[in-house]
Amino acid sequence: MADHDRIEGSAKNMGGKIKEAAGKVTGDSKLQAEGKADQVEGKIQNAVGGVKDSLRDKN
C-alpha cells in the first residue's frame, strides 16, 4: 500500500501543474509561480513517502 504522503504529494503536484497552466493562460504570473511552488512541494512530499515505503518494506 502506498504511503499517504506519496498520494498527497502526487495530487499536489498535479494541482500545481493545473494552477501553473491557468496562470500562463490568464497571464497571471503570481498564479503561475504558486503552481510551480506547489509542484515542488508535491515532489518533495512524494519523495518522503517513497522513503517511508522503502523503510516499511524492509521491516
Side-chain angles (χ1 to χ4, degrees):
M1 172 133 188
D3 184 79
H4 178 71
D5 284 321
R6 290 185 77 181
I7 296 166
E8 199 172 295
S10 292
K12 187 173 282 192
N13 186 17
M14 288 301 298
K17 287 181 182 186
I18 292 168
K19 194 183 275 189
E20 181 185 6
K24 283 182 182 178
V25 169
T26 61
D28 186 341
S29 59
K30 182 180 177 198
L31 185 62
Q32 191 174 352
E34 287 175 4
K36 287 180 181 181
D38 286 350
Q39 288 177 61
V40 170
E41 283 182 46
K43 288 176 183 177
I44 291 169
Q45 190 170 10
N46 193 338
V48 168
V51 169
K52 286 181 181 179
D53 279 346
S54 67
L55 292 174
R56 185 180 15 218
D57 290 344
K58 288 183 180 181
N59 291 330

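Worth knowing before you read on, the calculation uses all heavy atoms, side chains too, and leaves out hydrogens, waters and symmetry mates. Here, residue 1 is the first one in the sequence, and each next residue gets the next number.
- For Asn13, there are no side-chain hydrogen bond (donor to acceptor under 3.5 Å, both in side chains) partners two or more places apart in sequence or in a different chain.
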What pairs of donor and acceptor atoms, side-chain ones from residues 16-23 against any protein atom, are under 3.5 angstrom apart with sequence neighbours left out?
{"residue": "Lys19", "atom": "NZ", "partner": "Asp38", "partner atom": "OD2", "Å": "3.1"}
{"residue": "Glu20", "atom": "OE1", "partner": "Gln39", "partner atom": "NE2", "Å": "2.6"}

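- With sequence neighbours left out, the side-chain hydrogen bond (donor to acceptor under 3.5 Å, both in side chains) criterion links Gln32 to no other residue.
- Gln45 is linked by a side chain to side chain contact (heavy atoms under 4.5 Å, CB included) to Asp5, Glu8, Lys12, counting only residues two or more places apart in sequence or in another chain.
- Sequence neighbours left out, not one pair with a member in residues 42-51 passes salt bridge (charged side-chain N to carboxylate O under 4.0 Å, His left out).
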